[in-house]
Amino acid sequence: MAETKTKDEMEKIVSLCKRRGFIFQSSEIYGGINGFWDYGPLGVELKRNIKDYWWRCMTREREDIVGLDASIIMHPRTWEASGHTDTFSDPMVDCLLSKKRFRADLIEPQSGTIYHFTGAEATEGGNQSSEPYSVLLVAGKQPDSARKIARKYYTQRGISKPELRGETTEEIENTTRFNPENGSLLTEPREFNLMFKTYVGPVEDEENTAYLRPETAQAIFAQFKNVLEVSRKKLPMGICQIGKAFRNEINPRNYTFRSREFEQMELEFFIKPDETVEKTSNENNPKSAWGWKEWHRYWVEERLNWYEDIGLPKEDLELYEQTGDDLAHYAQATVDIMYRFPFGMQELEGIAARGNYDLTQHQKFSGKSMEYFDEDAREKYIPHVVEPSAGVDRLALALICNAYCEETITDDKGKTETRTVMRFHPRIAPIKVAVFPLLKNKPELVAKAREIQKMLKPHMNVFYDQTGAIGRRYRRQDEIGTPFGITVDFETLADDLETKDTVTLRERDSMKQQRVPIKDLLPKLLEKIL
RNA sequence: GCGGGUGUAGCUUAGUGGUAAAGCCCCAGCCUUCCAAGCUGAUUACGAGGGUUCGAUUCCCUCUACCCGCUCCA
């Protein structure tokens, strides 16, 4: 069933998400707003199930991790310490000829001769341009190649067969104002600030500038000492958090994949520095000998297993190890967990070994100690950290893409039709079970179905439906990924049959049904969805 | 940010310089003893603003959103 997910399919998925209430465009009635999305009734359940399961696996079922829910707006110094104020605002330049965009600070300085032109005149048609333009000619190239570039530029601007005007030359060294690929002049550098800016208090001035957090992680570092103390944990220990983050993406793309407002699930797992590990490891506890490499590998494995646990197949997941240029300057290692989206292999989660960079920075900027006293080693140090950081919205999209399936089925009479099924893992399916009376105009069927709905409701998301033919109701649930359907029929009510107080339990993927005593329903379902 | 494409009902599509049609979905009712049956009825749309015009969903301009490519991407 591993059919290829095409772009065509992506469109169907987007359409289904809207039609059934998973995802809507934000502010749609006003024409929408680029990079923002809303989750409808089913989408919000899906997201909640994802977050709940992550939270359960990260904190409740572990003894070494605790939670945090920090504010979105923090003291602006936070972002100076983390480096976001600097690195999240890159000056960018565009090539006037090719329109290609560069980061101004990454352009190699060049030396050579600048050819300035004051304009150009068309040899045909008679129109002209008085816009100045310049081309850099590096040593060893013919002057005509500079003129050729200039003619191209003016041709682009509507001057046919242009004759160049006002040529002058200038020697220059180490300039970054020209495109290294073609010599064309670049635009003035423009700031691209990727953090959302706002003002704390009603007065809008520089003093009051604050930012919507671009990641949840920094609050964990900032609260490290507080949380460590109240949690009464010893290293290694982790602090995790789920919350909104904001990035002014230059170009949001691929549906909800790259949004300007998104939700993260982040863990900062604090560990001993490798030097300390050597001193304090003991034979009874193998993990005590783990340095950052072992912990990093451990978290990659943990997270990979977790994705399989909620239904993403191994063959559609891939690990990508960042190296060299990709790797942030502070990171010792980063592994991305990628998923095969219909639009390509894309990152779901990054697991970074960040050394003690962040805590060191916050110690430096706040003047407050971030040190930890290790009782085994009898020494103080700033803990190191491994950070698994996942995107909730990306994961929700991955799960939707993964679940989407169209299958051709043939009925008893040999008629074929298409069945659309969302094969969500029961654990994350928005609705766990649907309850139907076989017919709605038989009060005793309806009453029994309502009774079952009431019984299950406190334990899971149940949907009751009595409209139309039973087959239609099954298909409706298939399309939103409800894994189970319960139908009350006449055999449920028959006093003289063994089937009294049994119902049919239909399984979404196989469409197979079995008769189950009503009293067995709850344990049977709970076992599947937990 | 650049280039190209697109925007008519919840979805998929017709169509026209004189305010719009259909299928599916949805809702109500009837019917229906297990996989989108049938019948009756109902709601719902020309992305926004401006211009040309007696009159614009249609032509023009601007904006916006979505898709593709480039770019960007902690």
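Both backbone and side-chain heavy atoms feed into the values below; hydrogens, waters and symmetry mates do not. Throughout, protein chains are lettered first and strands after them, A, B, ... in sequence-line order, and every chain is numbered starting at 1.
Residue Tyr255(A) is in sugar-phosphate contact alone, with no base atom involved, counting any heavy-atom pair closer than 4.0 Å across all strands shown. Across all strands shown, Arg506(A) has heavy atoms under 4.0 Å from base atoms, whether or not it also approaches the sugar-phosphate. Heavy atoms of Asp478(A) sit nowhere under 4.0 angstrom from any nucleic acid atom. When heavy atoms are screened at a 4.0 angstrom cut-off, Thr334(A) is found touching no nucleic acid atom at all. If you check every strand for non-hydrogen atoms under 4.0 Å, Gln25(A) touches sugar and phosphate atoms only.
Residue His84(A) contributes atom NE2, which lies 6 Å from atom C1' of A74(B) at whole-angstrom precision. The interatomic distance linking Phe262(A) (CZ) with A74(B) (P) rounds to 12 Å, in whole Å. Rounded to whole Å, the distance from CG on Asn251(A) to C1' on C2(B) is 10 Å. Atom pair Phe221(A):CZ and A74(B):P shows a separation of 17 Å (rounding to whole Å applied). Between the C1' atom of A74(B) and the CD atom of Glu387(A) lies a distance of 9 Å, rounded to the nearest Å.
Remark: the separation of the P atoms in C25(B) and G69(B) is 34 Å, to the nearest Å. One C1' atom belongs to G49(B), the other to A37(B), and the distance between them is 48 Å to the nearest Å. For the P atoms, the distance linking C46(B) with A20(B) amounts to 12 Å, nearest Å. Atom name C1', nucleotides A48(B) and U8(B): the rounded distance is 15 Å, in whole Å. As rounded to the nearest Å, A22(B) and A9(B) have C1' atoms that lie 11 Å from one another. Nucleotides G5(B) and U57(B) have their P atoms positioned 24 Å apart, rounded to a whole Å. C27(B) and C34(B) have their P atoms separated by 22 Å, given to the nearest Å. Nucleotides G41(B) and C11(B) have their P atoms positioned 26 Å apart, rounded to a whole Å.
Closest contact between the side chain of Arg475(A) and the listed nucleotides A74(B), A36(B), C31(B) involves A36(B). Closest contact between the side chain of Asp489(A) and the listed nucleotides A65(B), A36(B), C34(B) involves C34(B). Considering only side-chain atoms of Thr467(A), the nucleotide from C35(B), A28(B), A37(B) that sits closest is A28(B). Nearest nucleotide to the Leu439(A) side chain, out of C34(B), U33(B), G29(B): U33(B).
Side-chain contact check for Thr482(A) versus Arg508(A): every heavy-atom pair is 4.5 Å or farther apart.
Between Phe22(A) and Phe424(A), the ring planes are tilted. Angles from 30° to 60° get that label.
Residues Gly35(A) and Gln513(A) both approach RNA chain B. Their nearest nucleotides, taken by heavy-atom distance, put Gln513(A) toward the 5′ side.
Here Glu263(A) pairs with Lys47(A), Lys51(A) under the salt bridge (charged side-chain N to carboxylate O under 4.0 Å, His left out) rule; sequence neighbours left out. With sequence neighbours left out, the salt bridge (charged side-chain N to carboxylate O under 4.0 Å, His left out) criterion links Lys197(A) to no other residue. Not counting sequence neighbours, Phe117(A) has no partner by the ring-ring contact (aromatic ring centres under 6.0 Å, His included) test. The salt bridge (charged side-chain N to carboxylate O under 4.0 Å, His left out) search around Glu349(A) returns Arg303(A), not counting sequence neighbours. Among residues two or more places apart in sequence or in another chain, the ring-ring contact (aromatic ring centres under 6.0 Å, His included) test is passed with Tyr133(A) by Tyr153(A). Every residue was checked against the ring-ring contact (aromatic ring centres under 6.0 Å, His included) condition with Tyr39(A), not counting sequence neighbours, and none meets it. Remark: Glu80(A) engages Arg77(A) in a salt bridge (charged side-chain N to carboxylate O under 4.0 Å, His left out) (not counting sequence neighbours). Applying the ring-ring contact (aromatic ring centres under 6.0 Å, His included) criterion to Phe269(A), with sequence neighbours excluded, gives Trp295(A), Trp299(A).
Within residues 492-500 of chain A, no residue has any heavy atom closer than 4.0 Å to RNA chain B.
A centroid separation of less than 6.0 Å is found between the aromatic rings of Phe343(A) and Phe257(A).
With Glu479(A) as the fixed residue, the salt bridge (charged side-chain N to carboxylate O under 4.0 Å, His left out) test singles out one of Arg19(A), Arg419(A), Arg423(A), Arg473(A): Arg19(A).
Here salt bridge (charged side-chain N to carboxylate O under 4.0 Å, His left out) pairs that include residues 484-494 of chain A, with residues two or more places apart or in two chains, are Asp489(A)-Arg515(A), Glu491(A)-Arg515(A).
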Query raised in the report: Which letter, B, S or -, goes with each nucleotide of nucleotides 3-11 of chain B from 5' to 3', with contact meaning a protein heavy atom under 4.0 Å?
Result: -------SS
Query - Strand RNA chain B in bracket notation, Watson-Crick/G-U under 3.5 Å with | for pairs to another chain - result: (((((((..((((....[..))))..((((.......)))).....(((((..]....))))))))))))....
